[in-house]
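So you know, we letter chains A, B, ... as the sequences are listed, proteins then strands, and number each from 1. The structure displayed is predicted, hence computed values, not measured ones.
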There are 2 protein chains.
Amino acid sequence: MAEAAQRRVQHAEQRGTRRDAQEAILDAAEQVFAENGFHGATTRAIADQAGANAALIHYYFGSKEALFETVFARRAGAINAERRARLATLRAQGQPSLEQVLDALLRPTVALGHDPTRGGAHYARLVAHVAQGTDARSRRLTGDSYDAIARRFIEEIAAAVPGLDRVQAVHAYLNTIAIGIALMAPTGRAQALMAPCPAPSETLDEGLARSVRFIAAGIRALAAPD
Amino acid sequence: MAEAAQRRVQHAEQRGTRRDAQEAILDAAEQVFAENGFHGATTRAIADQAGANAALIHYYFGSKEALFETVFARRAGAINAERRARLATLRAQGQPSLEQVLDALLRPTVALGHDPTRGGAHYARLVAHVAQGTDARSRRLTGDSYDAIARRFIEEIAAAVPGLDRVQAVHAYLNTIAIGIALMAPTGRAQALMAPCPAPSETLDEGLARSVRFIAAGIRALAAPD
DNA sequence: GTCTATAGTTCGATAGAC
DNA sequence: GTCTATCGAACTATAGAC
């Protein structure tokens with residue numbers, strides 16, 4: 001059949017120029033899961049997006065569930081490694097300011113959302129989805145990938161703000177993440193609410209600086225006696 | 001068949017003491033949609049939760065999609081009416097403070113999450129889910145139910161904080177809602193991060209006051225020249 | 001490794017008895 | 001209005017050719 005033959009040729013061409021099918025599936029899954037959630041995504045849609053076959057997903061990952069958890073955990077290590085590296089650089093110069101700590105926490109994830117070339121934006125939306133989930137799997141995945149880094153930053157926040165106790169530092173961290181998650185999910189709400197005025201275009205640094213300023217003032221208000 | 005007869009008797013008993021089947025379905029749908037999202041929820045699970053039949057959902061609402069939109073819009077009117085009433089009460093006493101405006105915005109929804117008796121908490125989780133969604137339906141539902149009230153509160157925030165321009169007021173509102181949404185979704189993250197120390201129990205007023213203090217300081221920092 | 005074909009299940013929705 | 005029964009479609013996952 002000419003149709004199948006053409007598909008084979010096309011596929012052979014891709015094999016040389018493109019990355020592994022396994023990685024293509026992970027990238028495609030990142031996008032489809034981010035757009036539709038776990039239940040709304042189908043293995044067929046992921047396979048189509050990857051230019052692969054649905055059966056390959058089970059060959060490589062065993063199940064849709066295992067694929068989802070692999071996708072979620074894949075970038076977490078890199079994000080948290082960058083956060084730790086930024087903290088280490090700051091610590092080498094003495095006690096970092098609260099603003100510096102918050103920038104180290106938020107920048108690696110917010111930068112993903114602004115990544116124009118690759119799928120980091122999809123992961124950002126996926127994290128936003130899972131972090132807000134109340135089901136058992138969402139809690140487990142969030143805890144496994146982000147509990148350790150959370151505790152580290154809670155300590156750093158407490159160290160950067162005299163008079164902030166542990167309970168307040170936990171809330172400071174959670175408020176920071178809440179705003180960070182909202183920044184990552186491109187709901188188009190800011191543009192909608194500024195209409196009919198055009199929303200001013202904003203660089204990553206400008207948006208991040210505004211959020212850091214907002215959060216830092218909020219955290220210091222938690223520590224102030226009144 | 002005795003089994004069917006018994007079910008009919010049971011049902012007849014319920015008819016007197018319980019509310020309409022239609023309302024029971026809405027309450028059940030609120031819970032099941034909140035726990036599993038739109039795609040993860042099934043009409044059968046909703047019907048079981050409501051003690052009704054799956055066919056009734058289509059009889060009353062036409063489709064799963066229409067049921068979802070009905071559930072989402074049901075409480076929005078009441079929430080926003082309460083917000084407007086609180087604003088009116090404040091306005092009758094002169095220009096309200098930023099803290100008073102933020103309390104009027106957050107309290108009606110956060111109070112839902114603390115409702116111990118019935119399904120307000122489920123709606124809170126549902127709103128959190130939809131507000132973070134990036135798909136077309138989530139954007140439309142959010143806009144239809146919450147755009148008008150958002151613009152009203154953006155004006156109030158700007159009026160309460162001298163020097164805050166419109167763009168900054170929009171971001172102030174969005175940051176407020178981001179923290180409000182995080183407050184509504186009981187992810188158990190605060191308890192997890194405070195472990196092994198026991199999380200101090202907190203009343204609605206205490207938690208709300210802390211969030212308002214945090215947000216108000218953040219918003220004022222947006223208006224400050226440096 | 002990658003494909004086609006399909007098994008087995010579950011879904012949303014409908015028809016029709018009562 | 002509310003039920004039972006069921007349809008057709010879509011899903012995850014697997015079997016087996018290549």
Inset, instruction - Give every residue pair that meets the salt bridge (charged side-chain N to carboxylate O under 4.0 Å, His left out) criterion with at least one member in residues 179-188 of chain B, sequence neighbours excluded. - result: none
Legend entry - Inter- and intrachain pairs under salt bridge (charged side-chain N to carboxylate O under 4.0 Å, His left out), touching residues 166-188 of chain A, at least two apart: none
Throw together a table of side-chain donor-acceptor distances under 3.5 angstrom for residues 179-195 of chain A, partners on residues two or more places apart or in other chains.
from: A:T187; atom 1: OG1; to: A:R189; atom 2: N; distance (Å): 3.4
from: A:R189; atom 1: NH1; to: B:D147; atom 2: OD1; distance (Å): 2.7
from: A:R189; atom 1: NH2; to: B:D147; atom 2: OD1; distance (Å): 3.1

Using whole Å, report how far [atom1] of [X] lies from [atom2] of [N].
{"X": "B:R44", "N": "D:dA5", "atom1": "CZ", "atom2": "C1'", "result": "11 Å"}
{"X": "B:D48", "N": "D:dT4", "atom1": "CG", "atom2": "C1'", "result": "14 Å"}
{"X": "B:H39", "N": "D:dA10", "atom1": "NE2", "atom2": "P", "result": "14 Å"}
{"X": "A:L56", "N": "C:dG1", "atom1": "CG", "atom2": "C1'", "result": "7 Å"}
{"X": "B:I25", "N": "D:dG1", "atom1": "CD1", "atom2": "P", "result": "12 Å"}
{"X": "A:N53", "N": "D:dA13", "atom1": "CG", "atom2": "P", "result": "14 Å"}
{"X": "A:D20", "N": "C:dG1", "atom1": "CG", "atom2": "P", "result": "9 Å"}

Inset, instruction - Could you tell me whether A:A47 contacts a base, only the sugar-phosphate backbone, or nothing, with contacts defined as non-hydrogen atoms closer than 4.0 Å? - result: nothing
Legend entry - B:E202: partners by salt bridge (charged side-chain N to carboxylate O under 4.0 Å, His left out), with sequence neighbours left out: B:R210
Using modelled atom types only, decide if a donor and an acceptor are shared between the side chain of [X] and the backbone of [Y] within a distance under 3.5 Å.
{"X": "B:D103", "Y": "B:V212", "value": "no"}
{"X": "B:R83", "Y": "B:A104", "value": "no"}
{"X": "A:E23", "Y": "A:D20", "value": "no"}

Legend entry - Residues in contact with DNA chain D, drawn from residues 57-73 of chain B - heavy-atom cutoff 4.0 Å: B:Y59, B:Y60
Legend entry - side chain to side chain donor-acceptor pair (under 3.5 Å) contacts in which one or both residues fall within residues 131-142 of chain B, not counting sequence neighbours: A:R125-B:T134, B:E65-B:R137, B:E69-B:R140, B:D135-B:S138
Inset, instruction - Five pairs at each end of the helix from C:dG1-D:dC18 to C:dC18-D:dG1: take the axis at both ends and give me the angle between them to 10°. - result: 10°
Inset, instruction - With sequence neighbours excluded, tell me which residues meet ring-ring contact (aromatic ring centres under 6.0 Å, His included) with A:H171. - result: none
Inset, instruction - Indicate the atoms forming the closest heavy-atom contact of A:K64 with A:A41, along with that distance. - result: NZ-O, 2.8 Å
Inset, instruction - Using heavy atoms and a sub-4.0 Å distance, could you list which residues of residues 28-35 of chain A are near DNA chain C? By number, please. - result: none
Inset, instruction - List in chain and number order the residues that pass side chain to side chain contact (heavy atoms under 4.5 Å, CB included) with A:R152, two or more places apart in sequence or in another chain; answer none if no residue qualifies. - result: A:L87, A:E156
Inset, instruction - Mind checking side chain to side chain contact (heavy atoms under 4.5 Å, CB included) for B:A47 and listing every partner two or more places apart, or none if nothing turns up? - result: B:A54, B:I57
Inset, instruction - Measure up the A:F72 and A:Y146 rings against each other and bin them: parallel (under 30°), tilted (30 to 60°), perpendicular (over 60°). - result: perpendicular
Report each atom pair, protein N/O against N/O of nucleotides 16-18 of chain D, whose distance is under 3.5 angstrom.
none

